[in-house]
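Worksheet: one structure, shown below.
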Amino acid sequence: QVQLVESGGGLVQAGDSLRLSCAASGFTFQFYMMGWFRQAPGKEREFVSSISWGGRRTYYTDSVKGRFTIARDNAKNTVYLQMNSLKLEDSAVYYCARRAAIYSDSAPFDSWGQGTQVTVSS
């Protein structure tokens with residue numbers, strides 16, 4: 001079965017950096033677009049970033065452009081989210097997700113990890 005396991009979250013100060021990792025198993029990782037989402041308390045889950053199956057195309061929500069970088073290593077079945085210049089408003093649970101269909105950048109994200117907490121303090 002599909003498994004997505006996030007790691008790398010923690011408590012940091014504003015301006016610091018963190019790198020999240022998502023280890024994937026149970027499917028052919030290199031065939032799927034992967035994404036990162038986040039959910040802050042009392043808010044809806046929101047899209048953060050995604051990366052195409054080969055890694056050539058990346059997408060970001062406006063609030064993280066220039067600060068976050070998504071990457072993947074298909075040999076390691078892992079997708080990363082490098083987060084720099086963290087702000088208080090970046091505090092949330094971050095989730096890794098997989099699209100429902102291979103070689104698709106429009107299918108819904110239908111598989112999710114358990115999430116990793118990122119807390120940014122002043």
Side-chain angles (χ1 to χ4, degrees):
Q1 71 279 18
V2 175
Q3 271 200 312
L4 301 170
V5 180
E6 301 95 335
S7 62
L11 172 63
V12 297
Q13 291 190 320
D16 285 350
S17 298
L18 273 178
R19 188 177 80 155
L20 306 183
S21 299
C22 171
S25 61
F27 64 99
T28 307
F29 180 74
Q30 64 186 353
F31 291 171
Y32 290 85
M33 174 171 268
M34 301 295 296
W36 286 97
F37 290 74
R38 65 187 180 186
Q39 187 168 21
K43 295 187 177 181
E44 292 188 356
R45 185 169 56 195
E46 66 169 346
F47 169 81
V48 176
S49 181
S50 62
I51 186 167
S52 61
W53 41 95
R56 292 183 180 183
R57 290 178 289 114
T58 58
Y59 305 92
Y60 299 93
T61 192
D62 285 347
S63 62
V64 308
K65 284 180 181 176
R67 299 188 299 121
F68 291 11
T69 303
I70 192 170
R72 66 189 296 160
D73 185 336
N74 285 346
K76 296 183 177 179
N77 288 356
T78 302
V79 59
Y80 305 97
L81 187 68
Q82 177 67 43
M83 305 185 296
N84 299 330
S85 302
L86 283 161
K87 302 177 179 180
L88 298 180
E89 53 263 41
D90 294 319
S91 294
V93 178
Y94 282 72
Y95 298 92
C96 173
R98 190 204 77 174
R99 286 210 185 267
I102 63 172
Y103 301 131
S104 172
D105 56 7
S106 60
F109 287 94
D110 72 338
S111 298
W112 302 85
Q114 83 288 349
T116 185
Q117 178 71 49
V118 172
T119 303
V120 184
S121 65
S122 59

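Please read all numbers here as calculations on a predicted model, not as lab measurements.
When atom types are taken as modelled, the side chain of Arg72 and the backbone of Ser52 share a donor-acceptor pair closer than 3.5 angstrom. Of the possible polar contacts, one joining the Glu6 side chain to the Gln114 backbone as a donor-acceptor pair under 3.5 Å is found. Ser104 contributes a side-chain N or O that, together with a main-chain N or O of Ser106, makes up a donor-acceptor pair within less than 3.5 Å. Using modelled atom types, no side-chain atom of Tyr80 and backbone atom of Thr69 make a donor-acceptor pair closer than 3.5 Å. For Asn74 (side chain) and Trp53 (main-chain N/O), a donor-acceptor pair under 3.5 Å exists by modelled atom type. Checking side-chain atoms of Arg19 against main-chain N and O of Gly8 turns up no donor-acceptor pair under 3.5 Å. Judged by distance alone, with hydrogens and angles left aside, the side-chain atoms of Arg98 form no donor-acceptor pair with the main-chain N or O of Ser111 at under 3.5 Å. Under the 3.5 Å distance criterion, the side-chain polar atoms of Ser49 are left unmatched by any main-chain donor or acceptor of Tyr60.
Residues Asp90 and Lys87 are not paired through a salt bridge, judged by the lack of any N-O separation under 4.0 Å between the basic side chain and the carboxylate.
Residue Glu89 qualifies as enclosed at atom CD: its count of foreign heavy atoms under 6.0 Å is above 12.
The shortest heavy-atom contact between Asp105 and Tyr59 is OD2-OH, 4.3 Å. Of all non-hydrogen atoms in Ala92 and Arg38, the two that sit nearest each other are CB-CB, 3.8 Å. For Leu18 against Val118, the heavy-atom pair with the smallest separation is CD1-CG1, 3.9 Å.
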(message) Applying side-chain contact (heavy atoms from CB on, under 4.5 Å) to Trp36 and Met83, what does each step give before you reach the verdict?
(response) CA-CA 12 Å; Trp36 286 97; Met83 305 185 296; over 6 Å; no
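Atom CG of Leu20 and atom CD1 of Ile70 lie 10.0 Å apart (nearest 0.5 Å). Atom CZ of Arg67 and atom OG of Ser85 lie 7.0 Å apart (nearest 0.5 Å). The distance from atom OG of Ser50 to atom CZ of Arg57, rounded to the nearest 0.5 Å, is 8.5 Å.
Residue pairs meeting the disulfide bond (SG atoms under 2.5 Å apart) criterion with at least one partner in residues 63-122, sequence neighbours excluded, are Cys22-Cys96.
Side-chain contact between Val79 and Phe29: present, with at least one pair of heavy atoms (C-beta onward) separated by less than 4.5 Å. Proximity of Phe27 to Leu4: side-chain heavy atoms (C-beta onward) are separated by under 4.5 Å at one or more points.
Linking ILVMFWY residues whenever their side-chain heavy atoms come closer than 4.5 Å, directly or via other members, leaves Leu11 and Leu88 in distinct clusters. Residues Val5 and Trp112 are members of separate hydrophobic clusters, defined by side-chain heavy-atom contacts under 4.5 angstrom among Ile, Leu, Val, Met, Phe, Trp and Tyr.
Just one of Tyr95, Phe109, Tyr94 meets the ring-ring contact (aromatic ring centres under 6.0 Å, His included) condition when paired with Phe37; it is Phe109.
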